[in-house]
Number of protein chains: 2
Amino acid sequence: MRKTKVSINKEKLHASSEVLRAIAHPLRMKILEFIDQNEEINVNKIYNTLGLEQSITSQHLRILRTAGLVNTQRDGKYIHYSIDYGKIEESVVAIQRFLH
Amino acid sequence: MRKTKVSINKEKLHASSEVLRAIAHPLRMKILEFIDQNEEINVNKIYNTLGLEQSITSQHLRILRTAGLVNTQRDGKYIHYSIDYGKIEESVVAIQRFLH
DNA sequence: TTAATACTTTGCAAATATGCATTTTTTATT
DNA sequence: AATAAAAAATGCATATTTGCAAAGTATTAA
């Protein structure tokens, strides 16, 4: 239990839970893991390698994008996805700071 | 990006997402925070202090219990809740190990 | 043993998330 | 300009989660 009471503001609490919710899905975790393991990866590679539907993949990528967990960069007709490690670290730290 | 490809087994991936899903809810985060700040806390205190419905509180506590995030100990008609810090740490480490 | 308190469980409606097929948008190629 | 490929967005059915009220269980106290 924490000795010094730190009141966490509501916005941050909510923001953290948004990020966590985005991570907390089996498919999205798989996708995140795959992006992590392959630098400069495009959507095609993601759904073909993981054996997912294109539209489902795109949907989940949108959720990850909205949560700020991944960044995109267009290269011609391809869109490369990469992980925003800062954001991940941030949310992990948030949990740790929140409960320790 | 990770250099050494570590294949994370599916059970662990799924287990992690279960725990994260349990954490990733504004109300549950509030409850977790409150339990963290008050050692030996009972359900009454939780929902009265946080201004929640009794049954809703109980429901979310069940979710936290099932996920293994909190432990309970009955003391007469009161049930004391405490946080399983090991489990929290475990899931945080899981994310970090999973993506770094 | 009756009543009261603390907590859990259940049933159900409303909200949200998910999966899938289809359409749309963007860019490259011919 | 027409076609093709990559990715996003949309519409809709199904599944899951949530909140709430009511009923059930356990323990204490009168």
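In what follows, chains are A, B, ... by sequence order, proteins preceding strands, each numbered from 1.
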Seminar exercise, completed: Of the listed dA7(D), dT27(C), dT9(C), the closest approach to the Asn42(A) side chain comes from dA7(D)
For this session: Side-chain contact test, heavy atoms from C-beta onward, threshold under 4.5 Å: evaluate it for Leu27(B) versus Ile56(B) and give yes or no.
Result: yes
Exercise. OP1 or OP2 of dC7(C) sitting under 4.0 Å from any side-chain N/O of Asn44(B)?
Worked result: yes
For this session: Figure out the NZ/P separation between Lys77(B) and dA6(C), and round it to whole Å.
Result: 5 Å
Problem set entry | Interatomic distance, Arg74(A) CZ vs dA28(C) P [rounded to whole Å] | 8 Å
Exercise. So, do Ile95(A) and Leu32(B) sit near enough that their side-chain heavy atoms are less than 4.5 Å apart?
Worked result: no
Problem set entry | Side-chain donor or acceptor of Thr49(A) paired with backbone N/O of Ile46(A) under 3.5 Å | no
Exercise. Taking the side chain as C-beta and beyond, is there a heavy-atom pair between Asn38(B) and Lys45(B) under 4.5 Å?
Worked result: no
Seminar exercise, completed: Here the distance between atom P of dT18(D) and atom CG of Leu64(B), to the nearest Å, is 11 Å
Exercise. Below 3.5 Å, does any donor atom in the side chain of Gln59(B) face an acceptor in the base of dC20(D), or the other way round?
Worked result: yes
Seminar exercise, completed: Of dG19(D), dT18(D), dC7(C), the nucleotide closest to the side chain of Ile63(B) is dT18(D)
For this session: Kindly point out which of dC7(C), dA7(D), dA21(D) is positioned nearest to the side chain of Val43(B)?
Result: dC7(C)
Exercise. So, is His25(A) close to the dT18(C) phosphate, meaning a side-chain N or O under 4.0 Å from OP1 or OP2?
Worked result: yes
For this session: Check whether any side-chain N or O of Tyr81(A) sits under 4.0 Å from OP1 or OP2 of dA8(D), and answer yes or no.
Result: yes
Seminar exercise, completed: On DNA chain D, more 5' by nearest nucleotide between Ile56(B) and Gln54(A) is Gln54(A)
Problem set entry | Side chain to side chain, Glu90(A) and Val93(A), heavy atoms closer than 4.5 Å | no
Problem set entry | From dT27(C), dA7(D), dT18(C), nucleotide with atom closest to Arg28(A) side chain | dT18(C)
Problem set entry | Nearest-Å distance for atom pair OH/P, residues Tyr47(A) and dG19(C) | 17 Å
Problem set entry | Distance below 4.0 Å between Arg21(A) side-chain N/O and dA17(C) OP1 or OP2 | yes
Exercise. Side-chain donor or acceptor of Glu53(B) under 3.5 Å from a matching atom on the base of dA21(D)?
Worked result: no
Problem set entry | Phosphate contact (dA17(C) OP1 or OP2) by His60(A) side-chain N/O below 4.0 Å | no
Problem set entry | Tyr78(B) OH to dA4(C) C1', straight-line distance once rounded to whole Å | 11 Å
Exercise. Is there a donor on the side chain of Ser58(A) or the base of dA7(D) sitting less than 3.5 Å from an acceptor on the other?
Worked result: no
Problem set entry | Spacing between Glu18(B) atom CD and dT16(D) atom P, to the nearest angstrom | 12 Å
Exercise. To the nearest Å, how far apart are Arg62(B) CZ and dT25(D) C1'?
Worked result: 16 Å
Exercise. So, the side chain of Arg28(A) versus the backbone of Ala22(A): is there a donor-acceptor pair under 3.5 Å, distance only?
Worked result: yes
Exercise. What is the distance, rounded to the nearest whole Å, between atom CD1 of Ile79(A) and atom P of dT25(C)?
Worked result: 15 Å
